[in-house]
Asks: 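My questions will all concern the structure given below.
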There are 2 protein chains.
Amino acid sequence: MDPFIQLVIEAWRIFRMPKETKVPLPTLERLATYFRYLSELASSDVETISSAHIEEATGIRAAQFRKDLSYFGEFGRPGIGYGVRDLLRRIARILKVEKEQPVILIGAGNLGSALVGYSGLRKYNFNIVAVFDSNPNKIGYKLWDRDIYDIERLKEINESLGVKIAVVTVPAANAQNVVDRLVESGIKVILNFAPTTLKVPEGVMVRHVCFIQELTVLSFFLDSDEV
Amino acid sequence: MDPFIQLVIEAWRIFRMPKETKVPLPTLERLATYFRYLSELASSDVETISSAHIEEATGIRAAQFRKDLSYFGEFGRPGIGYGVRDLLRRIARILKVEKEQPVILIGAGNLGSALVGYSGLRKYNFNIVAVFDSNPNKIGYKLWDRDIYDIERLKEINESLGVKIAVVTVPAANAQNVVDRLVESGIKVILNFAPTTLKVPEGVMVRHVCFIQELTVLSFFLDSDEV
DNA sequence: TAGATTGTTAATCGATTAACAATC
DNA sequence: TAGATTGTTAATCGATTAACAATC
């Protein structure tokens with residue numbers, strides 16, 4: 001088929017996807033894994049890979065990989081495999097990380113500082129464009145090279161920035177309040193590091209990263225007889 | 001039934017559980033959520049809760065909560081609900097976090113520093129007892145109040161410590177090497193912050209926390225028409 | 001052509017939810 | 001007793017895996 005037509009079909013399919021075909025969340029999580037792995041691979045001289053290769057490298061089953069991609073169209077050539085750079089570019093487009101994505105961070109504490117200073121962010125096309133805090137000893141200063149603004153100015157400032165992604169690294173006790181303000185300010189997706197459950201309106205998505213919770217799950221798998 | 005007999009039965013059930021009845025991983029993750037929520041609640045004056053209350057507070061369905069607990073025995077009283085302190089104590093025992101759990105951390109960078117400095121750790125009964133790094137400018141110094149040791153001494157030092165849990169905050173390129181050493185040193189479960197897939201032998205468990213990957217998944221849910 | 005590997009369908013597996021008898 | 005709420009069974013739902021025809 002004409003490659004142009006094919007692209008148009010794919011664009012259309014992706015465009016109507018989120019609401020309709022309903023991509024499973026585990027598929028999206030794996031897609032992020034493929035994306036990371038392919039990014040590494042792209043700087044090597046490997047040009048083509050098979051789904052079996054993906055299984056070997058990521059531990060995700062080959063059939064699973066092909067099934068995951070099938071939600072979004074056709075990506076490989078039977079008997080040949082997948083072109084690394086092409087696959088990377090198309091997955092990046094699906095995940096909307098082909099262009100740089102601006103992010104705001106709330107909470108200029110230790111963790112916030114580590115995240116802003118993390119070089120991997122830029123590598124994967126995210127950019128923390130502004131930091132907010134409520135502590136007068138921090139407001140007006142910088143976190144690395146990013147300005148720290150008064151959280152009271154969140155809505156005002158994001159009116160001009162128009163950022164859709166926020167990272168929350170405030171203490172659990174303040175998290176719900178902060179999230180309410182974020183939603184008010186036009187934020188659509190939130191990555192929450194505070195160890196607490198958050199309530200958000202329909203249409204806003206939250207993901208939760210909890211260090212303690214991960215340790216707790218791991219702890220279960222220790223043998224109870226020893227120690 | 002005699003509460004003593006009941007406890008013995010429960011202990012026995014938990015003892016043989018991991019290998020046999022096979023508790024679903026999602027159940028363990030939710031158990032960690034219940035644990036966190038009950039910990040908060042325990043410092044209030046609430047004495048009894050219902051599964052409906054849990055649903056309201058955590059967003060996890062009441063039926064799901066009861067089903068999750070059912071893998072481990074009986075915890076509530078029909079018509080009454082669950083005793084907060086009792087439930088907390090029993091979930092803590094299941095997850096093996098009733099006693100303090102020692103943890104070692106590899107990688108004294110920004111992220112490692114944030115984790116060591118995080119007060120929530122102690123609150124949830126984890127304690128980072130030693131930090132390792134390969135950088136001569138760090139070895140022999142301290143991260144907060146914890147000694148930083150040469151990673152070359154990992155096996156030697158853990159011979160006396162006998163720690164089973166490790167947190168990895170080294171760059172992706174070094175992660176597999178570090179993990180191999182950890183396994184050699186008797187570590188049984190690993191929390192990995194490096195953005196890379198790790199290979200471990202049977203019997204060692206890894207969980208993966210990846211900031212970038214979480215952002216990438218969230219990014220998918222942004223509307224593509226705007227921006 | 002023969003061998004490799006895809007995309008997709010159908011079968012399997014496992015987790016969530018609903019419903020309700022048992023119990024306080 | 002009547003109302004509330006559990007623990008568990010059975011029904012539903014959804015995700016993973018296997019298998020294979022189509023294709024390079």
Side-chain angles (χ1 to χ4, degrees), chain A residues 1 3 6 9-10 13-14 17-18 20-34 38 46-84 86-87 90-91 94 217, chain B residues 1 3 6 9-10 13-14 17-18 20-34 38 46-84 86-87 90-91 94 217:
Chain A
M1 196 196 298
Q6 208 175 327
I9 292 177
E10 184 193 342
R13 202 193 307 211
I14 293 174
M17 180 94 26
E20 316 197 355
T21 320
K22 196 63 180 150
V23 181
L25 196 54
T27 290
L28 292 173
E29 293 170 346
R30 286 188 298 264
L31 232 43
T33 301
Y34 309 143
L38 291 167
V46 180
E47 301 217 321
T48 301
I49 51 157
S50 64
S51 56
H53 177 127
I54 292 279
E55 172 163 345
E56 158 59 22
T58 65
I60 297 167
R61 307 298 293 277
Q64 183 80 79
F65 171 74
R66 298 199 302 274
K67 177 78 180 170
D68 285 339
L69 291 185
S70 75
Y71 290 101
F72 303 96
E74 307 195 347
F75 295 72
R77 294 208 298 164
I80 309 290
Y82 304 82
V84 171
D86 172 63
L87 186 56
R90 291 177 67 190
I91 292 182
I94 292 167
V217 170
Chain B
M1 195 195 297
Q6 207 176 327
I9 291 176
E10 184 194 343
R13 201 191 311 210
I14 293 174
M17 180 95 24
E20 315 197 355
T21 319
K22 196 62 179 151
V23 182
L25 196 55
T27 289
L28 292 173
E29 293 170 345
R30 287 188 296 265
L31 233 43
T33 302
Y34 309 143
L38 291 167
V46 181
E47 300 216 322
T48 301
I49 51 156
S50 64
S51 55
H53 177 126
I54 291 279
E55 172 163 345
E56 158 61 21
T58 66
I60 298 167
R61 308 296 293 277
Q64 182 80 78
F65 171 75
R66 298 199 302 275
K67 176 79 180 169
D68 285 339
L69 291 184
S70 75
Y71 290 100
F72 303 96
E74 306 194 350
F75 294 72
R77 295 208 299 164
I80 309 291
Y82 304 83
V84 172
D86 173 63
L87 185 56
R90 290 177 68 190
I91 292 182
I94 293 167
V217 170

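To find a chain, count down the sequence lines: A is the first, B the second, and so on, and within it residues start at 1.
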Asks: Separation of B:Phe75 atom CZ from D:dG7 atom P, in whole Å?
Replies: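 In whole Å, D:dG7 P and B:Phe75 CZ are 8 Å from each other.
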
Asks: For a side-chain contact (heavy atoms from CB on, under 4.5 Å) check, start with the C-alpha distance between B:Leu87 and B:Leu69, then their side-chain angles and the critical distance, and finish with the verdict.
Replies: CA-CA 10 Å; B:Leu87 185 56; B:Leu69 291 184; 4.1 Å; yes

Asks: Give a yes/no answer on whether the side chain of A:Ser70 brings an N or O atom under 4.0 Å of OP1 or OP2 in C:dG7.
Replies: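 False: A:Ser70 side-chain N/O out of range (4.0 Å or more) of C:dG7 OP1/OP2.
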
Asks: Can you list the stems that include DNA chain C, where a stem is three or more consecutive Watson-Crick or G-U pairs with distances under 3.5 Å?
Replies: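 For DNA chain C the paired stretches long enough to count as stems (3 pairs minimum) are C:3-24 with D:3-24.
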
Asks: Got a second to check how far B:Thr27's OG1 is from B:Lys22's NZ, nearest 0.5 Å?
Replies: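 NZ of B:Lys22 is found 11.5 Å from OG1 of B:Thr27.
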
Asks: If I take atom CD1 from residue A:Ile49 and atom CD1 from residue A:Ile54, how far apart are they, to the nearest 0.5 angstrom?
Replies: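 Result: 3.5 Å between the selected atoms.
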
Asks: Evaluate the side-chain contact (heavy atoms from CB on, under 4.5 Å) criterion for residues A:Tyr82 and A:Phe65: first the C-alpha distance (whole Å), next the side-chain angles of each, then the deciding distance (0.1 Å), finally the verdict.
Replies: CA-CA 12 Å; A:Tyr82 304 82; A:Phe65 171 74; 3.5 Å; yes

Asks: Does a side-chain N or O from A:Ser51 land closer than 4.0 Å to OP1 or OP2 of C:dT5, or not?
Replies: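 For C:dT5, neither OP1 nor OP2 has a side-chain N or O of A:Ser51 closer than 4.0 Å.
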
Asks: Between atom CZ of A:Arg61 and atom CZ of A:Arg30, what is the distance when rounded to the nearest 0.5 Å?
Replies: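 One finds 12.0 Å between CZ of A:Arg61 and CZ of A:Arg30.
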
Asks: Working to the nearest 0.5 Å, report the span between OG of A:Ser50 and CD of A:Glu56.
Replies: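 Here the interatomic distance stands at 10.0 Å.
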
Asks: Taking the six-membered ring of A:Phe72 (Phe, Tyr or Trp), confirm whether the NZ or CZ of A:Arg90 is under 6.0 Å from its centre and within 45° of its axis.
Replies: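 Judged by the rule (NZ or CZ under 6.0 Å from the ring centre, within 45° of its axis), A:Arg90 is not positioned above A:Phe72.
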
Asks: Any chance you could list the contact pattern along nucleotides 14-24 of chain D? Use B for base contacts, S for sugar-phosphate-only contacts and - for none, protein heavy atoms under 4.0 Å, 5' to 3'.
Replies: -SBBBB---BB

Asks: Quick one: A:Leu87 CG to C:dT5 C1', roughly how many Å, whole number?
Replies: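 For the pair A:Leu87 CG and C:dT5 C1', the rounded distance is 14 Å.
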
Asks: Starting from the C-alpha separation in whole Å, work towards a yes-or-no answer on side-chain contact (heavy atoms from CB on, under 4.5 Å) for B:Ile94 and B:Tyr71.
Replies: CA-CA 11 Å; B:Ile94 293 167; B:Tyr71 290 100; over 6 Å; no

Asks: Over how many whole Å does the gap from A:Glu74 atom CD to C:dT6 atom P extend?
Replies: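 Nearest whole value for this atom pair: 12 Å.
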
Asks: What's the OH-P distance between A:Tyr82 and C:dA4, to the nearest Å?
Replies: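 Going from OH in A:Tyr82 over to P in C:dA4 covers 17 Å.
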
